[in-house]
Structures are given as structure tokens and as C-alpha cells.
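Note: hydrogens, waters and symmetry copies are ignored here, and every other heavy atom, side chains too, is used. On a predicted model such as this, the values are computed, not experimentally measured, just so you know. Just so we're on the same page: letters track the sequence lines, and every chain starts at 1.
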Protein chains: 2
Amino acid sequence: MAIREQVQASLGVLPGAEKKVAHAFLANYPSIGLSTIAELAALAGTSAPTVLRFVSRLGFASYPEFQRTLRADVQSQLMSPLERARSAGPASDNPALEASFAAIAANLQATVKAVPESEFEAACELLADHRSACYCLGGRFTDAIAAYMAAHLRIIRPNVSHFGGQTSTWRDQLLDVRPGDVAVLFDIRRYQSDLVRLGELLVERKARILLITDPWLSPIARSARVVLPCVVDANRTWDSSVALLALVEALIDRVSRAQGDAARARMQTLEDIHWNNLAGR
Amino acid sequence: MAIREQVQASLGVLPGAEKKVAHAFLANYPSIGLSTIAELAALAGTSAPTVLRFVSRLGFASYPEFQRTLRADVQSQLMSPLERARSAGPASDNPALEASFAAIAANLQATVKAVPESEFEAACELLADHRSACYCLGGRFTDAIAAYMAAHLRIIRPNVSHFGGQTSTWRDQLLDVRPGDVAVLFDIRRYQSDLVRLGELLVERKARILLITDPWLSPIARSARVVLPCVVDANRTWDSSVALLALVEALIDRVSRAQGDAARARMQTLEDIHWNNLAGR
DNA sequence: TCAATACTGTAATTTTTATTACAGGCATCA
DNA sequence: TGATGCCTGTAATAAAAATTACAGTATTGA
């Protein structure tokens, strides 16, 4: 089994700090693993001994041995016949749009691989916990995704809000955050310092953080309970948020299915209110 | 230029022992270069200082620097988007997520077929018209997509706003709409009556309407200048907005590329303001 | 609430690795 | 044939890396 799969398989049983190492490694495979312990530790936001414990848990006797294996992996992957027939999609009369969507499809595929089931399930559990409040917030562009998520989440569970508006009003909203509350943060590269800061404040208030980020891992990853990495690079001027949205929808769908009939009643009530302008019954 | 080509090019001018190093490197690219000097020297049948002189002659200040560059090379070759999708194969450790994303991918593919090039181009032209203002607005869930679009569009052109907030405030914002202005409406099934009504009001004010909707075509389609249908059915409790977002991103990308340098300057200025908190210069 | 356990980071230590200094060798050219 | 300049390897040194020991901090379970 290639190292990468080995790491993915181990994700479920790794302690927190080592899991960060695993994420950093997977996100920057293979180059970071060929670098030094110190660099990998820095990227993961942890310390050298943790990296060492990580490779030891994978079954390697030393870091150099880990690197030898990794080099062999890379060698075999890079030197095997690379060219592969691209699945020729059905013809379309819109080549520009087709190219654009093909890049997006590749993102989605890569994202599925980047998100391990254990993390996905952990995220769903956080979201399904009705006792704690749930706050969604994002950065400059991702704020819209956060709003979208809040709008849906609100339907299947109580106590959801969108930490919206200006940066300056965040502090006020922080007042209501209680220990154990769940904060869903969206942060992709060109990480906003104010968002990072807010993440820290949320941690101080003992909120549990679900971070949805890119494979470069926002600095917030250090404080997050669960991290879901999405591939956002689409060879454009700006990154693509499509994978984020797709992931959000998958989460919502998973949570709402898990809740079954209990939630269905709630949904029905809300729908009535929304479409009939009733004040409830 | 990639290191490998650089080495090949230098083969002619290298002294004997260094040429052996070059050959050993090329024959075992890239793994041996990621290993230690001693190993490379041994493989080449020469000594460590010769390896060092070799990398120095290539223009690197140190062996670690040589390795950094090599790692970057490997990374880009191995992890190009295409390769990334391929390498782990179709196997994923997250069947639920995979199924969900597969449905989305199907949506995207169907959407490409549903949007004719002529309509897509017409939409881009509307968005690229700097003389008229541009308003983005959506329904209950799609409002977030509208906000996302506005946030990006604002960067590449002036006079963009997001018709946001409560339904009741729409009327006020309507006052500013002038003949020829462009309104981007998002509306998918369970079409909101108030949104439809607003569409009619916009038409009365002689706005040009770009409608992004599902294949059932919102009633607004009748009054719209351009209609872009997106496939939203994903066999879930709610429809998926991913295709909408992907289409928005494709539009933004197309328009921003078309504008070229003129827009780039505007972007740069905005970025400066955003990241440095300058008031402009 | 307390004890036990597991996890994590700091700092010291050991080991490995890169780098430099130097001297012998080999060809080239006078 | 002898001197010059460029290659090359050995061995010493310096730098960096990996590893270990240990102590503090969360987490878990009773």
C-alpha cells in the first residue's frame, strides 16, 4: 500500500496533533514529506516530536526510513506511464463552459479524496447536536457559502445563526457564544487575519470549531476540532468555491437524513410559515 | 526550466566525475536527488565534494537549495490537477460523500449541455457593460449565490450591488434602477412569488434581465433578456445550487479574462485597499 | 471530583549530513 | 621536461537534522 493511502487509512485513529500532521502531509504530498521534520511540523502547526510519533505510528522505525519509502513511492508514480486517456466527455456546443466545468469536476473529485469519512462523520455529529448553538461564518467570498449553509441548517435544527455583516459586529455576536457551541468557519487562502483572530476568540470561549478550508489549511486548523479540506484551485484569477458548496450540501443532506421524522415535522412547520405567511399554528 | 532539462543541457561542459553524477541523477530521477549527498555520490561512484561541485555548477548555492527546487519540480509534475485526480484511482474511503459528489458532477455535465454558447456569451456581454449598473438578487436559498456573484463582480467592474436583505426593502432599492441596467436574477423551483413580482417591476423599469434558473424555467423567463438554465435536481430533500455557483464562476472568469489589463488595474487597487486597509491612493 | 492515562511541546542530546580545507594526480602547453 | 591550472578524493569541521527525556496539560473513566 502506498504511503498516502496508509496515512488516509490511519486518519481515524490518530490523536489531534498527529492528525494535523497527516492533513498537512496529504495536502502537500509528496514534497513536504521529502523535506525535513521541522518543516512538516511547522506546516502542520505542531512540533517535531509529534511528527516523529506520527511516522512511528505508521510503522516506520525512523524518519529517514519513512522518507526512503516515500521516495520509492514517488519514483514509481512519476516514472510509470503517465499519459492516460482522458474520459472524453460527450460533445457540447460550448467549449469554454465545458473547460470551466471540467476543471470544477476535477476539483470535486479531488475533494472527495481529501475528505476522510471519519472527519465527515465527525462534522455531521457536530452539526446534529441540537443542544449547542451553531454559528456559520466565512471570509470575504466564502461568507456567501456560510449564509447558504445557515439558511439550510436552520430548517433542520434550532439555534442556527449566520455570523454575518461587518467584521466589527462580530465581537458583539461573540457575547452569545457559550462553551460547547459549534462554529462553522469557512476560510480559504489569503486567509483573513480578522477571521483567524475570531477563530481564536471562539476557541477561548470554548466553542467547537468545524473548519472548511483548502488543502493549504488555514491557520485556524490548529484550533479546529474537525477540518474538512476542499480543493479550490481551478487555474483562474480567483479560487473556486464550488467544492465548498458541494461539501456543505452533502453535510446538510447527511444530517437531515440522519434525523428522520423528528426533523421532518420541524421542516414542515417551517415550510408552512414560509410559504403561507402564517405566524405558526 | 525543470532541473532535469537543466542537467541535460549542462552535460557537455561537465568534468568527468561530475558527469557521472549527472548521469546517476538522470537515471534515477528524481528519487536519488531527494536523498543525501553521500548516496548520490556512492551511486555515481564518486565523492561527496564532487556532487557538491556539480550542484554548485548548476547555479545552486547549496545542496538543500537544489533539493528544494527538485521537490517543487516533483510536486508540480506529480500533482497537476489531472494527475491528482488519477493517482489515487476511483477508490475513496468515503462512499457517502462520493455518491453525493457524483450526483453533483452529473448535474454539472447536464448543465453544460443545457446552456448554449450563444446564451452564455450574451450573458457575458451584459455583465461586461460598464455603463449600466448591475444588480444581483436571488430567492430564499439562491440569495447567497447572488451575494457571491456580486462580491466577485464588484472587483472587475463598477456599479455592482447585491439586492439584499428583506423582501420589503427591495422596493426602496428599486428606485435606483435606470433603463438599461442589468439585473441578474436567481430563481429555482418553488419560485417565490415576490421574486417573480420583482422581476416584473424590473422589466417595467426597462432593466435588462439575466435569469439563472432551473430547466423548468421560472416564470420570470418570459421577461428575461438572457436565460441560463442549470440542472439542480440531485435526488435530495432540497435542490442543489452547485451548478448555479459553477456557472457564476464561469461567467466571472470569462468576463474578467475578456477585460484584460484595464480590469487588472482596478483589481489591483481594490486588493490593495482590501488587504492593507488603505483608503486608496 | 479525583486519579489515571494519553497527548503534546520544550529543550537537551546524539546522530547524521553538508561543507570546507587541503594535497595528490593528470593533462596541457611551453 | 617542467610548470601551470584544473579535477578529484580524503579527512577535518561546521551545520543541521533527528531523536530522546522530561514535564506540563488536557481527557477519560470511576
Checklist entry - OP1 or OP2 of dT8(C) sitting under 4.0 Å from any side-chain N/O of T46(A)? => result no
Checklist entry - Roughly how many Å is it from CZ in F66(A) to P in dA18(D), rounded to a whole number? => result 11 Å
Checklist entry - Any idea how W238(A) and F141(A) line up, ring-wise: parallel (<30°), tilted (30 to 60°), or perpendicular (>60°)? => result perpendicular
Checklist outcome for this item: Side-chain contact check for P64(A): nearest option of dT8(C), dA18(D), dT19(C) is dA18(D)
Checklist entry - Taking the six-membered ring where the residue is Trp, are the ring centres of F54(A) and Y63(A) under 6.0 Å apart? => result no
Next on the checklist: Between P on dA6(C) and CZ on R57(A), what's the gap in Å once rounded to a whole number?
Outcome noted: 11 Å
Item to check | H152(A) and Y148(A) aromatic ring geometry - parallel, tilted or perpendicular at 30°/60° bounds | outcome: tilted
Checklist entry - What integer distance in Å separates R225(A):CZ from dA26(D):P? => result 13 Å
Checklist entry - Any side-chain N or O of S62(A) under 4.0 Å from OP1/OP2 of dA18(D)? => result no
Item to check | Selected nucleotide, minimal atom distance to T50(A) side chain, candidates dT19(C), dT19(D), dT8(C) | outcome: dT8(C)
Checklist entry - Under 4.0 Å between a side-chain N/O of T36(A) and OP1 or OP2 of dA16(D), yes or no? => result no
Checklist outcome for this item: Atom CZ of F54(B) and atom P of dT8(D) are separated, to the nearest Å, by 13 Å
Checklist entry - Hey, which of these two, Q67(A) or K20(B), hits DNA chain D nearer its 5' end, going by closest nucleotide? => result K20(B)
Checklist entry - Which is true for P49(A) with a 4.0 Å heavy-atom rule: it touches a base, it touches only sugar-phosphate, or it touches nothing? => result base
Next on the checklist: From the set dT8(C), dA18(C), dT8(D), return the single nucleotide nearest to any side-chain atom of I37(B).
Outcome noted: dA18(C)
Next on the checklist: What is the distance, to the nearest angstrom, from the OH atom on Y63(A) to the P atom on dA16(D)?
Outcome noted: 18 Å
Checklist entry - Any sub-3.5 Å donor-acceptor pair from E249(A)'s side-chain atoms to S240(B)'s backbone N or O? => result no
Checklist outcome for this item: When rounded to whole Å, the NZ to P distance for the pair K206(A) and dT25(D) reads 13 Å
Next on the checklist: Using a heavy-atom cut-off of 4.0 Å across all strands, would you classify S47(A) as base, sugar-phosphate, or nothing?
Outcome noted: base
Next on the checklist: Rounding to an integer number of Å, can you tell me how far F60(B) CZ sits from dT19(C) P?
Outcome noted: 13 Å
Checklist entry - What is the distance from CG of L52(A) to P of dT20(D), rounded to the nearest Å? => result 7 Å
Checklist entry - Which comes earlier along DNA chain D counting from the 5' end, the contact point of R53(A) or that of A38(A), where each point is its nearest nucleotide? => result A38(A)
Checklist entry - Closest heavy-atom contact between A48(B) and A41(B)? => result N-CB, 3.7 Å
